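Notes to accompany the following structure.
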Amino acid sequence: MDNNDWIKQLLMVGVGTTSFVAEKIKEVSDELVKDGKINPDQAKGLVEELMTKLNTEQGNFQGQLEKQIRNI
C-alpha cells in the first residue's frame, strides 16, 4: 500500500470521526434544551462554537499527518 492510500484512509477515519462527534454534540445540545437547561439559541451557538473548534483541530491534525507522512 502506498503513502497516498494510507493518507486517504486516515483522512476518511478523520471525516467519520468528525461526523460522529458532530452528531453527538447535536444530541447533547438537544437534550439540554429538552431538559430546560439552555434555550434553543444557546444550543445553536454551542453547537456552532464546538464545530468550529473541531474543524480547526481537524485541519491542524490533517496538516501534521501529511507532514509526517512526507517525512517518512
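All values reported here derive from a predicted model rather than from experimental measurement.
Identified under the salt bridge (charged side-chain N to carboxylate O under 4.0 Å, His left out) test for residues 9-21, with sequence neighbours left out: none. Applying the salt bridge (charged side-chain N to carboxylate O under 4.0 Å, His left out) test to residues at least two apart or on different chains, the pairs with a partner in residues 28-40 are K26-D30.
A distance-only check finds no donor-acceptor pair linking the side chain of E49 to the backbone of L46 [under 3.5 Å].
Interatomic distance, E27 CD to L32 CG, rounded to the nearest 0.5 Å: 12.0 Å.
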Is there a side-chain contact (heavy atoms from CB on, under 4.5 Å) between N39 and Q42? Walk through the geometry before answering.
CA-CA 5 Å; N39 67 47; Q42 290 172 317; 3.5 Å; yes
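Annotation for V33 and A43: closest pair CG2-CB, 3.4 Å, computed over non-hydrogen atoms.
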